[in-house]
Amino acid sequence: MNFSNTYTCLDEIFYEKTRPTPVRNPRLFLWNSSMAEQLMIPNELKHDSVALAQAFSGNQILPGSEPIATAYAGHQFGHFAPQLGDGRAHLLGEVFDQFGQRWDIQLKGSGRTLFSRGGDGRCALGPAVREFIMSEAMKALGVPTTRCLAVVTTGEPVFRDTTLPGAVVTRLASSHLRIGTFQLFAARGDHQALKTLCDYTIERHYPDLQEEGANKYLLFVDKVIERLIRLVVEWMRVGFIHGVMNTDNISLCGETIDYGPCAMMGTYDPETVYSSIDTQGRYAFGNQPEIMQWNIARLAECLLPLINADKNKAIDKVGGIITEFPIRFEQVYMKMMGKKLGLTSFQQEDQKLLFSVLDQLKERRMDYTVTFDLLTKSLMSEVVASQMKNELEECFDLWQKRINEQAATSQEVHELMRQYNPVVIPRNHHVEAVIQECEETGKVTLAEKFLQVLRSPYEELAQTSQYQDPPSNGDEDYETFCGT
Ligand code: AMP
Ligand code: MG
């Protein structure tokens, strides 16, 4: 593979040079062959599962790779942790794919680093499989996300509440720069490092800003806001709950990263939260926009010295942008929800319709994905239309009236709605069943079958119907755990 590493060109305060700890018996468990094509993995490696297992467990270092553990800090559940960093991950390096896009290749679960604190540096198979499945599903849904190239089992146990099979997951990301990376150097008062980091991030993810003058860092915050708004709006479109929106898990390039305790919302309720450690519901489905704003405010604080030497002036400038977050978010969110409802253009007065539909969903404990899927289908089927009228009552009539006012044909509205409303999502109970099968049998049959369906979430394939069922109890007792 052709590595072209740039992060290791930065000063060593940004990372620790460190090698993965070899594992006893690496075996290729899941392999993303389309991603392998995209990355142009050489044929002699691609077709040799033993070599792949060696390379993507960290046992064998690929030529050109310079493994590092990156340093970062972060707010975890609102509390600042001045030193986090990759405690169980090794960034192997950067490669270009066939489209000229740069990717970080990172192993997770590959052993202890300088940043491991009390941790064992390892990852269990279950969370590795979850990350693989969820990120593939999100990609196919059209949500910006990191990807997975491989899951390799290690042949070693990891000790959590119980003994579990160990694994290393290979994650691909446009980069691993996070809000927490900036926080590390801001907390140290190292303005030079902050500037280096910010210029690096701009060059890598926002190259258009490079030509900007004095306002560059302010515009940077503005652009990051734009991308992170798009990200959260996409989460809200498909019912995704990230579960651990700590600042160290918020990527500067706007990709979904860290699939630890994530889950999909079944029954529509903005207060939905599944993570066992999120006892206050800080990262509940409906709180995600507000939390994203809070996180971006933490980034902006770090950048004050770069925005203006006079702190008060800097606060004035960037404060205005942060305050505008809710308005900007709402514009993008409303437009997206309008499309979910089949509205070619969303008018101010359509908010009433949207809220009454959402209220009805919440009150009647209806499934978010199923409802919007059936609403889409109701345009083409009398039977589904009368079913939906039964469930949504007068909301349905209001919706139909509004749809009929548009110039578009039913066919066109149907097409529009289908682009925004998936027929299938990675439902929690199916993800759990697949993970359990992987853990208990060591077989990937169910995982591969599930992945095939999830890779076409807007199409009804022969097997799709097996995965559309909402959980029998509305996922009331469902709990997720940080994948540590
Ligand atoms: P996360 O909740 O996955 O975002 O992880 C938060 C922090 O804990 C990061 O610094 C991780 O690298 C670290 N961490 C998580 N699990 C482990 C582990 N098993 N061993 C060492 N460090 C870990
Ligand atoms: Mg993390």
Side-chain angles (χ1 to χ4, degrees), residues 14-16 18-21 23 57-58 67-92 104 106-132 134-135 145-146 148 154 156-184 187 231 241-253 255-263 274-279 282-283 291-292 295 298 480-484:
F14 293 99
Y15 53 84
E16 181 215 4
T18 174
R19 291 195 158 229
T21 308
V23 300
S57 60
I68 54 170
T70 68
Y72 52 85
H75 272 93
Q76 299 184 306
F77 291 89
H79 304 286
F80 187 62
Q83 179 77 70
L84 293 167
D86 296 326
R88 53 164 172 170
H90 291 80
L91 179 57
L92 296 182
D104 270 5
Q106 190 203 56
L107 302 182
K108 188 162 154 185
S110 41
R112 289 177 54 80
T113 73
L114 189 63
F115 310 113
S116 301
R117 293 167 291 159
D120 61 359
R122 293 301 184 191
C123 177
L125 177 61
V129 170
R130 176 193 297 273
E131 174 145 357
F132 194 109
M134 291 304 295
S135 58
T145 179
T146 59
C148 279
T154 59
E156 293 175 7
V158 297
F159 304 100
R160 301 292 181 256
D161 288 342
T162 52
T163 305
L164 298 164
V168 175
V169 54
T170 304
R171 174 159 77 188
L172 308 165
S174 293
S175 85
H176 284 84
L177 297 159
R178 331 137 183 267
I179 292 181
T181 320
F182 287 75
Q183 289 182 288
L184 177 67
L231 180 67
I241 308 169
H242 184 282
V244 62
M245 288 175 70
N246 294 335
T247 55
D248 55 308
N249 292 335
I250 304 298
S251 150
L252 265 296
C253 63
E255 288 171 351
T256 312
I257 190 165
D258 222 325
Y259 285 91
C262 69
Y274 293 116
S275 168
S276 59
I277 53 170
D278 192 1
T279 45
R282 179 180 171 92
Y283 299 140
I291 289 293
M292 194 56 99
N295 286 340
R298 303 291 76 77
T480 60
F481 302 91
C482 262
T484 49

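Both ligands and their constituent atoms are indexed starting at 1 by order of listing.
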Residue pair Arg19, His90: steps toward the side-chain contact (heavy atoms from CB on, under 4.5 Å) verdict: CA-CA 7 Å; Arg19 291 195 158 229; His90 291 80; 5.6 Å; no
Keeping [X] on the side-chain end and [Y] on the backbone end, is there a donor-acceptor pair under 3.5 Å?
X	Y	value
His242	Ile257	yes
Arg88	Gly111	no
Asp258	Val244	no
Thr146	Ala173	no

Does only the side chain of [X] get under 4.0 Å from ligand 1, or the backbone, or both, or neither? Count heavy atoms.
X	value
Asn249	side chain
Tyr72	side chain
Arg112	neither
Gln83	neither

Using distance only, find each side-chain donor-acceptor pair of residues 72-81 under 3.5 Å and give its atom names and separation, not counting sequence neighbours.
{"unit_1": "Tyr72", "atom_1": "OH", "unit_2": "Gly85", "atom_2": "O", "d": "3.4"}
{"unit_1": "His75", "atom_1": "ND1", "unit_2": "Gln183", "atom_2": "NE2", "d": "2.8"}

Taking the minimum heavy-atom distance to atom 22 (N) of ligand 1, which of Cys123, Gly87, Gly180 ranks first?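 Selected option, by shortest heavy-atom distance: Gly87.
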Of the choices Ile257, Val158, Asp258, Thr70, which has the non-hydrogen atom that lies closest to atom 1 (P) of ligand 1?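 Looking at heavy atoms only, the winner is Asp258.
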Please list, in chain and residue-number order, the protein N/O/S atoms closer than 2.8 Å to the Mg ion (ligand 2).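 Per the 2.8 Å query on the Mg ion (ligand 2), atoms found are Asn249 OD1, Asp258 OD2.
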Should Gly260 be listed as contacting ligand 1, given a heavy-atom distance under 4.0 Å as the test?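 Per 4.0 Å heavy-atom rule, Gly260 does not contact ligand 1.
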Measuring from the heavy atoms of Asp120, does anything fall under 4.0 Å of ligand 1?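 Yes.
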For ligand 1, which atoms, with element, lie under 4.0 Å from some heavy atom of Gly119?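 So the answer, numbered in order with elements, is 20 (N), 21 (C).
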Check each atom of ligand 1 against the heavy atoms of Asp86 and keep those under 4.0 Å away; list them by number with element.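 In order of numbering, the contacting atoms are 12 (O).
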Passing option when Asp86 is tested against Lys108, Arg178, Arg112 for salt bridge (charged side-chain N to carboxylate O under 4.0 Å, His left out):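 By the salt bridge (charged side-chain N to carboxylate O under 4.0 Å, His left out) criterion, Asp86 pairs with just one of Lys108, Arg178, Arg112: Arg178.
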Can you see which heavy atom on Ala89 is nearest to which on Ala69, and at what distance?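 So the minimum-distance heavy-atom pair works out to O-CB, 3.9 Å.
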List the steps, then state whether side-chain contact (heavy atoms from CB on, under 4.5 Å) holds for Thr21 with Arg122. CA-CA 10 Å; Thr21 308; Arg122 293 301 184 191; 3.6 Å; yes
